[in-house]
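Step one of this worksheet: look at the structure below.
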Amino acid sequence: MSNSTNSNRVLIVYFSQLGNSKFIAETIAHEIKADTLEIKPKKSLPKATFFKLFTGGMQVIFKSKPELLPFDKNPMDYDTVILGTPVWAGSYASPFNTFFSQVEIKGKKIALYCCCGDSKGKTFENMKNVLKDNQFIGELELKSPLNSKEESIKKTIEWIKTILP
Ligand SMILES: Cc1cc2nc3c(=O)[nH]c(=O)nc-3n(C[C@H](O)[C@H](O)[C@H](O)COP(=O)(O)O)c2cc1C
C-alpha cells in the first residue's frame, strides 16, 4: 500500500449519481490513504431512466450549473487532485460545471477517471480544457465498474501505482 504523505497530499474529488464513481473513489482512497470530497447537487436527477438521461444530458449540453451542497475541502490545499466523474452525454457530469466555477485549481498534478456505460467520449478532453494550468498525470476509463468489482479494483490499483508510484 502506498501512502499519501504530507509531501504529496492527495484529494479525490468525485461526483456519483449511481455509485460507480463513488466505488472507485473509495477504492483509491483506501489504497493510498487520500482525502475525498464528494460533490453533491442539492437536487438529484429524476428516478425514471428516460427523465434521468434526458435531464442530465440537457444539463451537460447547456452547461448548467446545478446548485451544490456546501463542501469543506479545497483542492488548493493538496499537491495532487484526482477527479472522478460519470460520463454524461459524452462529457463530464454537470455538477462539475458548478464545482469548477466555484473552486480554483491551478498548478496541481491532476489525474482523471471516468465511469461510463459505453465510452468516455470527450470527458477527459473537456475536463482538461477547463483545468488549464495544471499538470496531467493520468487518465482511467472504467465501464460500469460496479458490474465487475474485482476487475475494476485491480485495474484502479494498477493505475494508481503508475501515477503515484
Ligand atoms: C444523465 C446520464 C447520461 C449518460 N450518458 C452516457 C454517455 O454519454 N455515455 C456513456 O457511456 N454512458 C452514459 N451514461 C451512463 C453512466 O456514465 C454510467 O452508468 C456510469 O457508470 C455512472 O456512474 P455513477 O454510478 O458514478 O453515477 C449516462 C448516465 C446518465 C445518468
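First listed ligand is number 1; within each ligand, the first listed atom is number 1.
- Among protein heavy atoms, the minimum distance from atom 4 (C) of ligand 1 is reached at V87 O, 3.3 Å.
- No donor-acceptor pair under 3.5 Å is formed between the side chain of T98 and the backbone N or O of E67.
- Counting only heavy atoms of the protein, atom 15 (C) of ligand 1 lies nearest to G117 N, 3.8 Å.
- N126 places no side-chain N or O within donor-acceptor distance of the main-chain N or O of F124, the cut-off being under 3.5 Å.
- Applying the side-chain hydrogen bond (donor to acceptor under 3.5 Å, both in side chains) criterion to S94, with sequence neighbours excluded, gives Q59.
- In terms of polar-atom proximity, defined here as any N/O pair under 3.5 Å, K22 makes no such contact with ligand 1.
- With D118, L18, T123, T49 as candidates, the residue nearest to atom 24 (P) of ligand 1 on a non-hydrogen basis is L18.
- The backbone N or O of A25 lies less than 3.5 Å from a partner atom in the side chain of Y113, making a donor-acceptor pair.
- Using a 4.0 Å cut-off to heavy atoms of G90, the atoms of ligand 1 that qualify are 7 (C), 8 (O).
- By the 3.5 Å distance cut-off applied to N or O atoms, C115 is counted among the residues near ligand 1.
- At least one heavy atom of A89 lies less than 4.0 angstrom from ligand 1.
- Residue contact check: N20 has heavy atoms under 4.0 Å from atoms 21 (O), 22 (C), 23 (O), 24 (P), 25 (O), 26 (O) of ligand 1.
- Residue contacts with ligand 1: S21 is placed with a nitrogen or oxygen under 3.5 Å of a nitrogen or oxygen of the ligand (distance criterion only).
- Listed by first then second residue, pairs satisfying salt bridge (charged side-chain N to carboxylate O under 4.0 Å, His left out) with a partner in residues 84-111 read E104-K106, not counting sequence neighbours.
- In this pair, F96 and Y92 present their aromatic rings perpendicular. The plane angle is above 60°, beyond the 30 to 60° band.
- Proximity to S119 (heavy-atom distance under 4.0 Å) selects the following atoms of ligand 1: 9 (N), 10 (C), 11 (O).
- Checked by atom type and distance alone, the side chain of K63 never pairs as donor or acceptor with a backbone atom of V60 at under 3.5 Å.
- The backbone N or O of L69 lies less than 3.5 Å from no partner atom in the side chain of K42, so there is not a single donor-acceptor pair.
- P86 CB, 3.2 Å is the protein heavy atom nearest to atom 23 (O) of ligand 1.
- Of the protein's heavy atoms, L53 CD2, 3.7 Å lies nearest to atom 29 (C) of ligand 1.
- Aromatic rings from F15 and F99 are positioned such that their centres are separated by 6.0 Å or more.
- The shortest N or O to N or O distance between P145 and ligand 1 is not under 3.5 Å.
- Numbered from 1 in the order shown, with element, the atoms of ligand 1 that lie under 4.0 Å from a heavy atom of K52 read 1 (C), 31 (C).
- Contact atoms of ligand 1 toward G19: 24 (P), 25 (O) (distance under 4.0 Å to a heavy atom of the residue).
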